[in-house]
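Okay, structure first, notes after.
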2 protein chains.
Amino acid sequence: MILHTLHLLGGYSRPGQLQRSIPGLSKKMMTQTLRELEGKGLINRHIHQIMPPNVEYSLTALGKVFVEPIEQLYFWGIDHADALEALATNERLTCTAQNPLEVAE
Amino acid sequence: MILHTLHLLGGYSRPGQLQRSIPGLSKKMMTQTLRELEGKGLINRHIHQIMPPNVEYSLTALGKVFVEPIEQLYFWGIDHADALEALATNERLTCTAQNPLEVAE
DNA sequence: CGGGATCCACTATGATACTG
DNA sequence: CAGTATCATAGTGGATCCCG
């Protein structure tokens, strides 16, 4: 979801905007995931200023490769919203957070 | 992975074969997942005999819809094996079980 | 063989408070 | 604002034993 959102926002974003774009995402999980993605080489972390903190995350070349199939999945979800609703019965497979098929802001 | 394997096996399979086809999968997780998929209407459960137990799971029409994007993901993984290996550093995002890109048997 | 039940160690994650 | 640290707790999944 973070990769997808980052991609939707043009390939880069600040943490605040990122978190506001994914409603159910807690600060802890976001930071943790950003660290993982950074560790994997999927995103870059740019520090512009220290005070006030001004950080920007951006997709790396490798990150853009991984965004491709994710975008296809999101597109598929849009095209098959009916199939997704057909699973509403059992909650265990569905995502509790709102899927950011469309990202605010 | 179960949907993918079920699809690779022709759309139906018995539990034993299914579990043997996905090495890291425990009996508990397999049964649990099969129950969820059945509850969602993605697979059917057919009991042929009680003694000895002879059960067969098969993809439903809805299940076949969900197999599509999964297959695309697997194909993507095959085409981009190099990108996947590039993440080997950090383990937290990688799957512990062996990915059944190719299913035995 | 298929699968249910139980126990238990481990993990994940939200909440909260704190730092610079 | 960006990020860390700590805690409490719910969830996860393997191991094991059992049944028909």
Side-chain angles (χ1 to χ4, degrees), chain A residues 1-3 5-6 9 11-40 42-59 63 87 89-100 104-105, chain B residues 1-3 5-6 9 11-40 42-59 63 87 90-100 103-105:
Chain A
M1 287 168 66
I2 287 182
L3 287 180
T5 305
L6 215 44
L9 294 175
Y12 59 93
S13 173
R14 296 192 55 196
Q17 181 188 29
L18 205 51
Q19 186 173 9
R20 269 174 275 120
S21 299
I22 308 178
L25 182 61
S26 69
K27 184 168 58 174
K28 173 181 174 179
M29 285 313 298
M30 184 183 68
T31 302
Q32 182 176 316
T33 306
L34 286 172
R35 292 287 167 282
E36 295 178 2
L37 294 173
E38 187 188 1
K40 295 285 190 182
L42 300 187
I43 62 174
N44 284 318
R45 179 169 181 261
H46 295 290
I47 304 179
H48 296 291
Q49 307 168 31
I50 301 291
M51 284 302 292
N54 190 323
V55 182
E56 184 176 274
Y57 291 97
S58 58
L59 291 171
L87 323 157
T89 317
N90 189 335
E91 328 288 74
R92 279 179 293 184
L93 268 180
T94 59
C95 180
T96 52
Q98 302 177 27
N99 293 326
E105 189 170 346
Chain B
M1 290 167 64
I2 286 182
L3 287 181
T5 305
L6 214 44
L9 294 175
Y12 58 92
S13 174
R14 296 192 55 195
Q17 180 188 28
L18 206 50
Q19 187 174 8
R20 267 173 277 123
S21 299
I22 307 177
L25 181 61
S26 69
K27 186 167 58 173
K28 174 181 174 179
M29 286 312 299
M30 182 184 69
T31 302
Q32 182 176 316
T33 305
L34 287 173
R35 292 288 166 280
E36 294 177 4
L37 294 174
E38 187 188 1
K40 296 284 190 183
L42 299 186
I43 61 174
N44 284 317
R45 180 168 182 261
H46 296 289
I47 306 179
H48 296 292
Q49 307 168 32
I50 300 293
M51 286 302 291
N54 189 323
V55 181
E56 184 176 276
Y57 291 97
S58 58
L59 291 171
L87 323 156
N90 187 335
E91 328 286 74
R92 277 179 292 183
L93 269 181
T94 59
C95 182
T96 51
Q98 300 177 30
N99 292 325
V103 173
E105 188 171 345

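First the proteins, then the strands, lettered A, B, ... as listed; each starts at 1.
If you measure from atom CD of Q17(B) to atom C1' of dG2(C), you get 15 Å, rounded to the nearest angstrom. Atom pair H46(A):NE2 and dC1(D):C1' shows a separation of 19 Å (rounding to whole Å applied). Rounded to an integer number of Å, the gap from CG of L37(A) to C1' of dG3(D) is 16 Å. Between M29(A) atom CE and dT16(C) atom P there is a gap of 18 Å when expressed in whole angstrom units. The interatomic distance linking M30(B) (CE) with dG4(C) (C1') rounds to 13 Å, in whole Å. Between the C1' atom of dG2(C) and the CE atom of M51(B) lies a distance of 10 Å, rounded to the nearest Å. Across the protein-nucleic acid pair, Y57(A) atom OH and dA2(D) atom C1' stand 8 Å apart, rounded to whole Å. We find that CG of L34(A) is positioned 16 Å from P of dC1(D), with the value rounded to whole Å.
In this structure the side chain of I2(A) reaches within 4.5 angstrom of the side chain of L25(A), judged on heavy atoms. With contacts defined as side-chain heavy-atom distances shorter than 4.5 Å, the pair Q19(A)/P15(A) does not qualify. Between T5(A) and S13(A) the shortest side-chain heavy-atom distance does not fall below 4.5 Å.
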**Report entry** Candidate pair L9(B) and L18(B), rule side chain to side chain contact (heavy atoms under 4.5 Å, CB included), full reasoning
**Finding:** CA-CA 9 Å; L9(B) 294 175; L18(B) 206 50; 4.2 Å; yes
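Each of R14(A) and K28(A) has a nearest nucleotide on DNA chain D; the 5'-most of these lies closest to R14(A). Of the two residues contacting DNA chain C, namely N54(B) and I50(A), the nearest-nucleotide position lying further toward the 5' end is that of N54(B).
One N or O donor and one acceptor, one from the side chain of K27(A) and one from the base of dG3(D), sit under 3.5 Å apart.
Using a 4.0 Å cut-off, some side-chain N or O of S26(A) falls inside it from OP1 or OP2 of dG14(C).
You'll find that the side chain of R45(A) is closest to dG3(D), out of dG3(C), dG14(D), dG3(D).
In this structure, NZ in K27(A) is found 14.0 Å from CD in Q32(A), a value given to the nearest 0.5 Å.
Nucleic acid contact for P15(B): sugar-phosphate only, since backbone atoms but no base atoms lie under 4.0 Å from a heavy atom of the residue.
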